[in-house]
Amino acid sequence: MGQLEHKAAIVTGSSRGIGAEVAKLLAAEGAGVVVNYRQKAPRANKVVAGIEAAGGRAVAVGADLTSPEGPAALVDAALGSFGSLDVLVLNASGGMETGVEEDYALKLNRDAQVNMLTAAAAQMKPGSRVVFVTSHQAHFINTVPTMPEYEPVARSKRAGEDALRARIPELEEKGISLVVVSGDMIEGTVTATLLDRANPGAIEARREEAGRLYSVEEFAAEVARMALADAPTGHTEYVGGSDYLSA
């Protein structure tokens, strides 16, 4: 019996990368998992198929978190498919993509996170956990400069973290805890690829500076662990990038 047997989780942005790995790990703990995607249904369905093949429970749900109906669709899927909502992993982020509107980063990394939390918290019972996934480059943006190409995204993610933390007193009244997982650049993620494209050599430079960078699987394991960990609300779990902690 896993720690999440008879419970349910939503993992936003989980059709690939870190989110997909977190979804698999939570399912392995017994959770029914809502695998969220925005456009890539086949990719999300593949994640679900993998979870089911391993004996787990999952459902793929297409939802744009920046739309008014997106967060509600995910909550409805958790309740309808699994009967509850006990874990919310706020993993979806973006802003470096081409062809998006100017304020998209803030809309996704701040506004959509708050809207998703609001929709989920209304249905979560005491003892539930919310995990917000961010980067050191965003978490420490007010004290440690980052690459110019990433700064707008970093600031939007920090704004999202601040907005979520402002909800902690309200969540505490409901018995819901919120923790933050902040990681250094992660090898193989879309963000790392886009950054390296915009600033060739950036990832290699950061790898040399940090000593090593975590893989997607390693970082996902830390995120999944914090969905279950006995940690106080408001706690920040730092993964990699020890130089940020001493800056």
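One-based numbering along the sequence shown.
In this structure, F82 and V59 have side chains that are in contact, with non-hydrogen atoms separated by less than 4.5 Å. Counting heavy atoms from C-beta on, the side chains of L195 and T191 come closer than 4.5 Å. Two residues are said to be in side-chain contact when any heavy atoms from C-beta on lie closer than 4.5 Å; E187 and R207 meet this criterion. Annotation: side chain of N115 is not in contact with side chain of L65 (no heavy-atom distance under 4.5 Å). F132 has its side chain out of reach of L117: every pair of non-hydrogen atoms, C-beta onward, lies at least 4.5 Å apart. Within the 4.5 Å cutoff, no side-chain heavy atoms of V61 are placed close to those of N36.
With hydrophobic clusters built from ILVMFWY side chains whose heavy atoms lie under 4.5 angstrom apart, I10 does not share a cluster with I18. Residues L171 and L90 fall within the same hydrophobic cluster, defined by Ile, Leu, Val, Met, Phe, Trp and Tyr side chains chained together at heavy-atom separations under 4.5 Å. Under the 4.5 Å side-chain contact rule for hydrophobic residues, V33 and L228 share a cluster. In the hydrophobic clustering of this structure, Y214 does not group with L245; members are Ile, Leu, Val, Met, Phe, Trp, Tyr whose side-chain heavy atoms approach within less than 4.5 Å, directly or through other members. No continuous path of hydrophobic side-chain contacts links V131 to L164 [ILVMFWY only; heavy atoms under 4.5 Å].
Between K7 and E29 there is no salt bridge, since no side-chain nitrogen of the basic residue lies less than 4.0 Å from a carboxylate oxygen of the acidic one. Salt bridge present: E151 and R155 bring a charged side-chain N and a carboxylate O closer than 4.0 Å. Taking a cutoff of 4.0 Å between a charged side-chain nitrogen and a carboxylate oxygen, E161 and R165 qualify as a salt bridge.
Using modelled atom types, no side-chain atom of R129 and backbone atom of D86 make a donor-acceptor pair closer than 3.5 Å. With hydrogens and angles ignored, the 3.5 Å screen pairs a side-chain donor or acceptor of S246 with a backbone N or O of D243. Judged by distance alone, the side chain of K157 and the main-chain N or O of V133 form a donor-acceptor pair under 3.5 Å. Here the side chain of E218 pairs a donor or acceptor atom with the backbone of S215 at under 3.5 angstrom. No donor-acceptor pair under 3.5 Å is formed between the side chain of E172 and the backbone N or O of S177. When atom types are taken as modelled, the side chain of Q3 and the backbone of A31 share no donor-acceptor pair closer than 3.5 angstrom. Remark: side-chain polar atoms of N91 are not paired, donor with acceptor, to backbone N or O of V11 under 3.5 angstrom.
Here the CD atom belonging to E217 is positioned 8.0 Å from the NZ atom belonging to K24, to the nearest 0.5 angstrom. To the nearest 0.5 Å, atoms CG (L213) and CD (E208) are separated by 10.5 Å. Atom CD1 of I176 is separated from atom CD of Q123 by 10.0 Å, given to the nearest 0.5 angstrom. For the atom pair L106 CG and N109 CG, the distance stands at 8.0 Å (nearest 0.5 Å). Atoms CG and OG, on L88 and S128 in that order, are 9.5 Å from each other to the nearest 0.5 Å. Note: T146 OG1 to I141 CD1 = 5.5 Å, rounded to the nearest 0.5 Å.
Of all heavy-atom pairs spanning S14 and A23, the tightest one is CB-CB, 4.5 Å. For the pair A231 and M226, the tightest heavy-atom approach, listed with the atom from each and the gap, is CB-CE, 3.8 Å. Here the closest non-hydrogen pair linking D196 and A202 is OD1-N, 3.0 Å. Taking both residues in full, the closest heavy atoms of R57 and H6 are given as NH2-N, 4.0 Å, listed atom of the first, atom of the second, then distance. Taking each heavy atom of S84 and A8 in turn, the nearest pair found is O-CB, 3.1 Å. Residues L85 and A120 approach most closely at CD2-CB, 3.7 Å, considering heavy atoms.
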Side chains of residues 37-54: which donor-acceptor pairs under 3.5 Å do they make with residues two or more places apart or in other chains?
residue	atom	partner	partner atom	Å
N45	ND2	A41	O	3.2

Which atom pairs, donor and acceptor, lie under 3.5 Å between side-chain atoms of residues 178-186 and protein residues at least two apart or in another chain?
residue	atom	partner	partner atom	Å
S182	OG	S135	O	3.4
S182	OG	H136	N	3.3
S182	OG	H136	ND1	2.7
D184	OD1	Q137	NE2	3.0
D184	OD1	R206	NE	3.1
D184	OD2	R206	NE	3.1
D184	OD2	R206	NH2	2.8

Problem set entry | Trace of the side-chain hydrogen bond (donor to acceptor under 3.5 Å, both in side chains) decision for H139 with Y238 | CA-CA 10 Å; H139 181 75; Y238 297 109; 3.1 Å; yes
For this session: Apply the test side chain to side chain contact (heavy atoms under 4.5 Å, CB included) to residues V89 and L26: give CA-CA distance (whole Å), side-chain angles for both, the deciding distance (0.1 Å), then the verdict.
Result: CA-CA 10 Å; V89 179; L26 296 182; 4.1 Å; yes
Problem set entry | Derivation and outcome, side chain to side chain contact (heavy atoms under 4.5 Å, CB included), residues V216 and T189 | CA-CA 7 Å; V216 166; T189 59; 3.9 Å; yes
For this session: Start with the C-alpha gap between V87 and L4, add the side-chain angles, then the distance that decides, and say whether side chain to side chain contact (heavy atoms under 4.5 Å, CB included) holds.
Result: CA-CA 9 Å; V87 175; L4 294 174; 4.1 Å; yes
